[in-house]
Amino acid sequence: MKNILRKELLKNRRNLKFEYVTKYSKELFENFIKTKEYKNSKIIMSYMSIKNEVDTKWFNEAIIKNGKKLVLPIIDNNDEIQPILVKKLSKMKVGKYNILEPIGDVIEKQKIDLIIVPGVGFDKSYNRIGFGKGYYDKFLKNYKGIKVGVAYDFQIVDKIDADEYDVKMDMILHF
Ligand SMILES: Nc1nc2c(c(=O)[nH]1)N(C=O)[C@@H](CNc1ccc(C(=O)N[C@@H](CCC(=O)O)C(=O)O)cc1)CN2
Ligand SMILES: Nc1ncnc2c1ncn2[C@@H]1O[C@H](COP(=O)(O)OP(=O)(O)OP(=O)(O)O)[C@@H](O)[C@H]1O
């Protein structure tokens, strides 16, 4: 069931227009930076968007302009996410799945105040489906900070059949 839903949601997302993605994403994050969750966070982990995901370009720059620390994921040699404290957003290299990765040092996960989590779909009980590789489920296991999913409205579905590893979000941003 999860696989069928994932395919359907990915197909819908592939069809979004670039202009829509950019505009929607900026509005979503403009709203988010007004929240207490954002304002109270000093160290924020985001992601580098691919394939019509909610676009984080504007948001990642905003984090730095607001004097906060930006953390981005890399996929390490053990095929696991490592959080990297970004030194310079303009200096990135191409990593696995063609995702841009920062240069910098690993930061301890629990020091991150809030994590923006990409997803293919979310449900009303804060469950999430991703690309199906389990990277974020492993990474978010035991994480004590705030987990924020970001989505287009069509990515919010009634119910995802959660399995034992799935980690629930604390907040989902969409409109
Ligand atoms: N922007 C972003 N960064 C991220 C994630 C993510 O979901 N989004 N991840 C979250 O886990 C990790 C990378 N996981 C990924 C897993 C699979 C594919 C991927 O492209 N999979 C299929 C194609 C799927 C499709 O579009 O049809 C492939 O292998 O070709 C990409 C990233 C870490 N970084
Ligand atoms: N903490 C974990 N330890 C071991 N295996 C795990 C863990 N979390 C997930 N997995 C495995 O990873 C695979 C993918 O999981 P799932 O379908 O939940 O991924 P996803 O959340 O859609 O993808 P992603 O997190 O990569 O965006 C499953 O086979 C699952 O058993």
Side-chain angles (χ1 to χ4, degrees), residues 1-18 21-22 24-26 28-29 32 44-63 70-86 89 92-104 106-107 109-110 112 114-145 147-152 154-157 159-174:
M1 262 328 284
K2 236 183 177 179
N3 281 315
I4 299 169
L5 181 61
R6 181 182 287 119
K7 272 196 175 158
E8 178 74 25
L9 292 169
L10 280 170
K11 193 175 88 190
N12 290 342
R13 194 167 72 183
R14 243 193 332 270
N15 291 331
L16 298 174
K17 289 206 186 70
F18 173 79
V21 170
T22 320
Y24 178 94
S25 304
K26 183 158 179 261
L28 181 140
F29 285 118
F32 179 60
I44 297 181
M45 179 161 170
S46 176
Y47 64 89
M48 291 299 287
S49 36
I50 51 163
K51 297 185 170 181
N52 282 350
E53 284 176 327
V54 172
D55 188 331
T56 52
K57 187 175 188 298
W58 181 87
F59 179 61
N60 291 347
E61 287 164 3
I63 292 173
L70 172 66
V71 175
L72 290 169
I74 64 160
I75 297 180
D76 72 6
N77 296 332
N78 294 322
D79 205 29
E80 285 176 3
I81 289 182
Q82 289 290 348
I84 303 292
L85 184 61
V86 176
L89 240 190
M92 309 282 283
K93 56 180 189 299
V94 178
K96 198 168 180 181
Y97 306 107
N98 271 325
I99 303 172
L100 289 175
E101 296 187 344
I103 323 260
V106 175
I107 177 171
K109 181 162 75 178
Q110 305 299 353
I112 304 168
L114 181 151
I115 301 183
I116 300 285
V117 186
V120 174
F122 297 90
D123 75 11
K124 296 180 168 128
S125 314
Y126 299 93
N127 294 304
R128 163 185 175 275
I129 15 175
F131 281 113
K133 300 275 193 325
Y135 289 113
Y136 269 96
D137 292 325
K138 280 173 216 151
F139 180 66
L140 295 175
K141 195 180 152 200
N142 306 323
Y143 172 65
K144 303 290 194 297
K147 303 175 285 287
V148 182
V150 287
Y152 303 99
F154 73 82
Q155 290 180 295
I156 311 293
V157 301
K159 200 174 177 322
I160 288 167
D161 300 309
D163 58 48
E164 54 177 324
Y165 296 119
D166 287 347
V167 177
K168 280 184 194 263
M169 300 296 108
D170 299 301
M171 255 172 111
I172 297 171
L173 310 175
H174 69 97

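Atoms within a ligand are numbered from 1 in the order they appear, just like the ligands themselves. Only heavy atoms go into these numbers, but all of them, side chains included; no hydrogens, no water, no symmetry mates.
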Is it the case that more than 12 heavy atoms not belonging to [X] sit under 6.0 Å from its [atom1] atom?
{"X": "N98", "atom1": "CG", "result": "no"}
{"X": "K96", "atom1": "NZ", "result": "yes"}
{"X": "K17", "atom1": "NZ", "result": "no"}

For [atom], what is the nearest protein heavy atom, given as residue, atom name and distance?
{"atom": "atom 27 (O) of ligand 1", "value": "L10 CD1, 3.8 Å"}
{"atom": "atom 24 (P) of ligand 2", "value": "G134 N, 3.4 Å"}
{"atom": "atom 20 (O) of ligand 1", "value": "K51 NZ, 3.0 Å"}
{"atom": "atom 21 (O) of ligand 2", "value": "D137 OD2, 2.9 Å"}
{"atom": "atom 19 (C) of ligand 1", "value": "Y97 CD2, 3.8 Å"}
{"atom": "atom 14 (N) of ligand 1", "value": "Y135 CD1, 3.4 Å"}
{"atom": "atom 5 (C) of ligand 1", "value": "Y136 CE1, 3.9 Å"}
{"atom": "atom 17 (O) of ligand 2", "value": "R6 NH2, 3.4 Å"}
{"atom": "atom 8 (N) of ligand 1", "value": "E53 OE2, 2.7 Å"}

Item to complete: Would you confirm whether any non-hydrogen atom of the protein falls under 4.0 Å from atom 10 (N) of ligand 2?
Response: yes
Heavy-atom check, side chain of [X] versus side chain of [Y], under 4.5 Å:
{"X": "I115", "Y": "M169", "result": "no"}
{"X": "I84", "Y": "L72", "result": "no"}
{"X": "K2", "Y": "I160", "result": "yes"}
{"X": "I81", "Y": "M45", "result": "yes"}
{"X": "I112", "Y": "Y143", "result": "yes"}

Item to complete: Flag M48 as yes when one of its N or O atoms lies below 3.5 Å from any N or O atom of ligand 1, and as no otherwise.
Response: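 Yes.
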Practice prompt. Answer yes if the side chains of Y136 and Y47 hold a donor-acceptor pair under 3.5 Å, and no otherwise.
Written response: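 There is no such pair (donor and acceptor under 3.5 Å, judged by atom type) between the side chains of Y136 and Y47.
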Discussion item. Can you confirm whether the side chains of S46 and N60 place a donor and an acceptor under 3.5 Å from each other?
Written reply: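 S46 vs N60: donor-acceptor pair found between side chains.
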Item to complete: Provide the number and element of each atom of ligand 2 under 4.0 Å from a heavy atom of D166.
Response: 18 (O)
Item to complete: Output the list of atoms in ligand 2 that are nearer than 4.0 Å to some heavy atom of K2, sorted by atom number.
Response: 17 (O), 18 (O)
From [options] - option closest to [atom] by heavy atom:
{"atom": "atom 7 (C) of ligand 2", "options": "Y165, F139, Y136", "value": "Y165"}
{"atom": "atom 27 (O) of ligand 2", "options": "E164, R128, K138", "value": "R128"}
{"atom": "atom 13 (C) of ligand 1", "options": "N98, V117, I75, I50", "value": "I75"}
{"atom": "atom 34 (N) of ligand 1", "options": "I99, I81, L72, D137", "value": "I99"}
{"atom": "atom 14 (C) of ligand 2", "options": "G119, G132, P118, G121", "value": "G132"}
{"atom": "atom 16 (C) of ligand 1", "options": "F139, Y47, F131", "value": "F131"}

Worksheet item: What are the atoms of ligand 1, with element, lying closer than 4.0 Å to any heavy atom of P118?
Response: 6 (C), 7 (O), 8 (N)
Worksheet item: F59 vs F29 aromatic rings, parallel, tilted or perpendicular, using cut-offs 30° and 60°?
Response: parallel
Response to the item:
All heavy atoms of I107 vs all of L85, minimum pair found to be CG2-N, 4.2 Å
Discussion item. Between K147 and D170 (salt bridge meaning N to carboxylate O under 4.0 Å), is one present in this structure?
Written reply: yes
Worksheet item: Do G130 and ligand 2 have an N or O pair less than 3.5 Å apart?
Response: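 Yes; the residue has a nitrogen or oxygen that sits under 3.5 Å from a nitrogen or oxygen of the ligand.
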Worksheet item: Do K109 and F139 meet the cation-pi criteria used here (NZ or CZ under 6.0 Å from the six-membered ring centre, within 45° of the axis)?
Response: yes
Worksheet item: So which bit of K96 gets within less than 4.0 Å of ligand 1, heavy atoms only: side chain, backbone, both or neither?
Response: neither
Discussion item. Tell me the contacting part of V120 for ligand 2: side chain, backbone, both, or neither, using a 4.0 Å heavy-atom threshold, strictly below.
Written reply: neither
